[in-house]
Amino acid sequence: MSAMMTVAGGDDAAPSLLALARQRREPWWAFLGGLFVVALGAVLIAILLLKAPQWLRLEPALKRSEALRAIFELLVMLGSVAASLLPLALALRWLHGRPLRSVISPVPGLDLGLAARSALLWGGLVLLTVIVSGLIDVAHGEPFAPGGQPWPQVLAFATATAWMVLLQVTAEEALFRGYISQGLYALTGNAWASALPVAALFACLHTQSWSNGVWDQRALYFIISLLLSAVTTKAGRLEAAIGIHLGQNLTAIYVMGVLGAPFPSLLGVGAPEGKPAGVEDVAAVLVTMGVVCGLYWYLGVRRGWVVRQRPVL
């Protein structure tokens with residue numbers, strides 16, 4: 001990859017995030033120190049969030065209301081991840097002398113349209129797997145009917161928590177496809193050498209049940225991480241990856257997660273961590289992910305539905 005990527009079809013040449021990472025020549029110890037700051041800060045923030053109900057005397061109210069408890073638990077889970085933006089911003093400022101924006105966009109300003117297009121395309125493709133899965137179930141004589149919470153409650157739940165999902169996916173992408181990937185690329189100069197270890201780490205941190213056979217979920221997270229890295233490289237900035245991640249999590253939480261098991265998914269979205277996965281489960285995820293990622297790449301990158309200004313190596 002050249003030291004500078006230009007924008008095809010654009011009026012001005014613009015460097016990509018990876019190109020800037022190489023140009024800065026920042027020391028490796030700064031990235032290691034930054035990871036330590038982020039990890040320590042995230043742990044401390046998670047402890048504070050878990051203790052918040054006790055300190056704020058919210059426990060009686062949470063026990064009385066199942067809906068309030070569900071909202072609070074999701075906000076705490078997502079908030080503990082989203083709050084890592086704070087130690088990451090501090091690490092970038094203290095150790096690198098640059099702002100948080102520098103791991104998201106190579107130039108001032110964020111491309112919200114890029115993120116929105118990406119989220120809509122990926123979310124639509126994931127919902128397509130739900131439809132196909134439902135048709136397969138019906139063909140095998142199994143019912144496919146909505147379960148779980150009624151739509152008004154789902155909308156209220158989404159209104160109270162969706163903003164935190166946006167912060168959570170932004171934090172994860174800023175850390176994985178931003179800080180860590182750019183740090184590895186600064187050392188190796190190779191996009192694949194950066195993407196593969198990040199994908200392994202991403203899968204490890206998203207599948208906590210290592211005693212159970214959840215290899216279908218690990219395959220899902222590993223492959224989607226590779227797509228996120230590839231799209232970031234192609235776009236030269238992070239908003240497209242944030243959009244994919246947002247579409248994935250919104251679908252997982254507010255369709256499969258809230259409406260219940262009757263919503264099947266070939267992607268395994270919303271599947272319980274503890275379920276044992278056989279070879280057929282892993283194969284189904286790999287095939288489906290191959291199709292969905294291929295469709296996203298063809299429509300979003302090749303046809304320009306998402307990435308309209310493409311970096312040229």
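Under the 3.5 Å distance criterion, with hydrogens and angles disregarded, no donor-acceptor pair is assigned to the side chains of Tyr185 and Arg22.
Ile242 places none of its side-chain heavy atoms less than 4.5 Å from the side chain of His245. Residues Tyr296 and Val306 form a side-chain contact, since some pair of their non-hydrogen atoms from C-beta on lies under 4.5 Å apart. Between Lys63 and Pro53, the closest side-chain pair of non-hydrogen atoms is not below 4.5 Å. Residues Val198 and Ser225 are in side-chain contact: their nearest non-hydrogen atoms beyond the backbone lie under 4.5 Å apart. When side chains are defined from C-beta on, His206 counts as touching Glu172, because their heavy atoms get closer than 4.5 Å. In this structure, the side chains of Ser194 and Thr188 come closer than 4.5 Å at one or more pairs of heavy atoms. Leu17 is not listed as a side-chain neighbour of Val103, based on a closest heavy-atom distance of 4.5 Å or more.
At a threshold of 4.0 Å, the pair Arg98-Glu26 counts as salt-bridged, since one of the basic side-chain nitrogens sits closer than that to a carboxylate oxygen.
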Requested in this report: May I have the step-by-step check of side chain to side chain contact (heavy atoms under 4.5 Å, CB included) for Arg69 and Glu59, ending in yes or no?
Outcome: CA-CA 9 Å; Arg69 184 170 65 252; Glu59 291 176 330; over 6 Å; no
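With rounding to the nearest 0.5 angstrom, the CG atom of Leu127 is 11.0 Å from the OG atom of Ser133. Rounding to the nearest 0.5 Å places CG of Leu18 at 10.5 Å from CG of Leu184. In this structure, Thr170 OG1 and Ile104 CD1 are separated by 6.5 Å, a value rounded to the nearest 0.5 Å. Remark: Trp192 CH2 to Thr233 OG1 distance equals 9.0 Å, nearest 0.5 Å. One distance of note links CH2 of Trp29 with CZ of Phe36; it measures 14.5 Å at 0.5 Å rounding.
Pairs engaging residues 86-110 under the ring pair (Phe, Tyr, Trp, His ring centres under 6.0 Å) rule: Phe31-His96, His96-Tyr179 [sequence neighbours left out]. Pairs engaging residues 174-202 under the salt bridge (Lys or Arg N to Asp or Glu O under 4.0 Å) rule: Glu173-Arg177 [sequence neighbours left out].
Between the Ser118 side chain and the Ala240 main chain, a donor and an acceptor come within less than 3.5 Å of each other.
Heavy-atom neighbours of Trp55 CH2 from other residues, nucleotides or ligands within 6.0 Å: above the threshold of 12.
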Output side-chain donor-acceptor pairs under 3.5 Å for residues 70-89, partner residues at least two apart or in another chain, one line each.
| residue | atom | partner | partner atom | Å |
| --- | --- | --- | --- | --- |
| Ser80 | OG | Val76 | O | 3.4 |
| Ser80 | OG | Met77 | O | 2.7 |
| Ser84 | OG | Val81 | O | 2.5 |

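Applying the side-chain contact (heavy atoms from CB on, under 4.5 Å) test between Thr288 and each of Val291, Leu286, Val292 identifies Val292 as the sole match.
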